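Data block below; observations after.
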Amino acid sequence: MAETKPEKNIDISETLSKTEQYIEDNRRMLSLVLGAVIVIIAGYLIYEKMYVGGKEKDARAQMFMAESYFRTDSLRLSINGDGNYPGFMELADNYGVSPSGNLAKLYLGMSYLRTGKYEEAIDALESYDGNDEVTTVLALVGIGDAYMELNKTDDAISYYEKASEKNVNNFTTPYALFKLGGACETAGKYSDAVEAYEQLKKDYPASTEGREVEKYIARAKAKVK
């Protein structure tokens, strides 16, 4: 029969007295730590409310003209501004901490992409910190497109894969899968292309890409050895 160990008695009053003594002995240090924490929290709240909030108000007020130029394909003006209103480059540099300034990075990257400045497009799109299911994926696809134009197909495939797995939804996911299949075909990875296309057909048959994907599946399958 196993020997029963006697239960250890815990003196609560002794434990409390030791804690109180520790606090008393370290009162100055604890006060300094607590004070530092309060300062950090207060500083963050002030930064968010006054600095970031002020930046957002300014960015939102100045951004409408650059967006207008982007919509009408006046991309040089959307990037650089028109002398009266800033372009996305200046907005991203000056107001990047604000939501609108962050969005300017996405616009800037897409503007660079459409004007053939692919390295600049990659830099701008990588700096974009998206927090919604659509624009985050579009930024990843845009980076993939830039790498495709630079003939860096493996890098493009990597970003299209990320886009196809990020924030899965019925709008951007089939678009990313279609891009992934095309990049795999370009790289001669026909089995991978078939896999991407068939996932598109299976999961998103009602999408624009899904309705047209059958011919791409047949093409890629014909090249599989």
Side-chain angles (χ1 to χ4, degrees), residues 63 66-80 87-89 91-93 96 101-201 203-204 207-217 219-220 223:
M63 193 165 163
E67 289 177 311
S68 177
Y69 286 133
F70 182 85
R71 287 193 297 269
T72 58
D73 285 332
S74 300
L75 298 175
R76 182 184 62 81
L77 293 173
S78 76
I79 293 171
N80 299 308
F88 292 127
M89 185 191 301
L91 290 164
D93 286 343
N102 181 49
L103 184 59
K105 297 174 184 176
L106 177 63
Y107 273 120
L108 179 62
M110 293 301 183
S111 297
Y112 279 139
L113 184 61
R114 289 161 62 179
T115 54
K117 296 182 177 180
Y118 303 120
E119 297 285 1
E120 292 88 341
I122 291 168
D123 288 342
L125 292 172
E126 285 185 336
S127 71
Y128 173 64
D129 184 18
N131 56 8
D132 67 272
E133 68 178 19
V134 174
T135 61
T136 304
V137 177
L138 292 180
L140 292 171
V141 170
I143 295 171
D145 289 347
Y147 277 123
M148 284 295 291
E149 294 293 341
L150 292 168
N151 295 316
K152 296 181 177 180
T153 312
D154 287 341
D155 289 324
I157 289 172
S158 175
Y159 274 92
Y160 291 145
E161 285 178 339
K162 291 177 184 177
S164 71
E165 296 167 358
K166 184 83 171 178
N167 300 330
V168 174
N169 63 83
N170 292 324
F171 174 62
T172 59
T173 306
Y175 179 58
L177 284 169
F178 184 75
K179 290 277 191 175
L180 174 59
C184 288
E185 282 196 83
T186 299
K189 300 178 179 180
Y190 300 112
S191 295
D192 292 340
V194 171
E195 184 179 343
Y197 289 144
E198 288 188 334
Q199 182 182 346
L200 170 56
K201 178 184 177 182
D203 295 342
Y204 307 97
S207 66
T208 300
E209 297 82 6
R211 291 194 298 269
E212 300 177 355
V213 77
E214 191 64 51
K215 61 185 177 184
Y216 296 97
I217 293 174
R219 185 178 70 186
K223 296 178 181 179

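On a predicted model such as this, the values are computed, not experimentally measured, just so you know. FYI, side chains are in, hydrogens and waters are out, and symmetry mates aren't considered; it's all heavy atoms of this structure.
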### Query
Between the main-chain N or O of E161 and the side-chain N or O of S164, is there a donor-acceptor pair closer than 3.5 Å?
yes

### Task
Please work out which of the three classes, parallel, tilted or perpendicular, describes the rings of Y107 and F88, given edges at 30° and 60°.
parallel

#### Entry: From CA spacing to verdict: side chain to side chain contact (heavy atoms under 4.5 Å, CB included), K179, L140
CA-CA 11 Å; K179 290 277 191 175; L140 292 171; over 6 Å; no

### Query
Within a radius of less than 6.0 Å around CD of E195, do more than 12 heavy atoms belonging to other residues, nucleotides or ligands occur?
no

#### Entry: From S158 atom OG to L180 atom CG, the distance as rounded to the nearest 0.5 Å
10.0 Å

### Message
Looking at every heavy atom in both G142 and M110, which two are closest together, and how far apart are they?
### Response
CA-CE, 4.4 Å

### Task
Evaluate the side-chain proximity of N167 to T172: yes if any heavy-atom separation is below 4.5 Å, no if none is.
no

### Query
Roughly how far, to the nearest 0.5 Å, is OG of S78 from OH of Y69?
10.0 Å

### Message
On a heavy-atom basis, which atom in Y128 and which in N102 lie closest, and how many Å separate them?
### Response
CD1-O, 3.2 Å

## Note on the structure
Output for pair (D123 CG, E120 CD), nearest 0.5 Å, gives 7.0 Å

### Message
What's the separation between atom CD in E209 and atom CG in L200, rounded to the nearest 0.5 Å?
### Response
6.5 Å

### Query
Do you know the tightest heavy-atom contact between A193 and A220?
CB-CB, 4.2 Å

### Task
First locate atom CG of L108, then atom CG of L75, and finally report the distance between them rounded to the nearest 0.5 Å.
11.0 Å

### Query
In Å, rounded to the nearest 0.5 Å, how long is the span from OH of Y160 to CE of M148?
5.5 Å

### Task
Determine whether I122 and L150 make a side-chain contact, defined as any pair of heavy atoms from C-beta on separated by less than 4.5 Å.
yes

### Task
For residues I143 and K162, determine if any side-chain heavy atom of one lies less than 4.5 Å from a side-chain heavy atom of the other.
no

### Message
Minimum heavy-atom separation for P174 and N169, please, with both atom names.
### Response
CD-O, 3.5 Å

### Task
Could you tell me whether the side chains of T153 and T186 share a donor-acceptor contact shorter than 3.5 Å?
no

### Message
Is there a side-chain contact between M89 and Y112 in this structure, where contact means two heavy atoms from C-beta onward sitting under 4.5 Å apart?
### Response
yes

### Message
Before you tell me yes or no, could you show the steps for K201 and Y216 under side chain to side chain contact (heavy atoms under 4.5 Å, CB included), namely the whole-Å CA-CA distance, both residues' side-chain angles and the distance that decides it to 0.1 Å?
### Response
CA-CA 10 Å; K201 178 184 177 182; Y216 296 97; over 6 Å; no

#### Entry: Nearest non-hydrogen partners of V141 and A176, listed with the distance
CG2-CB, 4.2 Å

### Message
Please check: side-chain N/O of Y197 versus main-chain N/O of G182, any donor-acceptor pairing under 3.5 Å?
### Response
yes

### Task
Indicate yes or no: at least one non-hydrogen side-chain atom of Y175 is less than 4.5 angstrom from one of L138.
yes

#### Entry: Under-4.0 Å salt bridge between K105 and D129
no

### A187 to I157 - nearest heavy-atom pair and separation
CB-CD1, 4.0 Å

#### Entry: Main-chain N/O of N170 paired to T173 side chain as donor or acceptor, under 3.5 Å
no

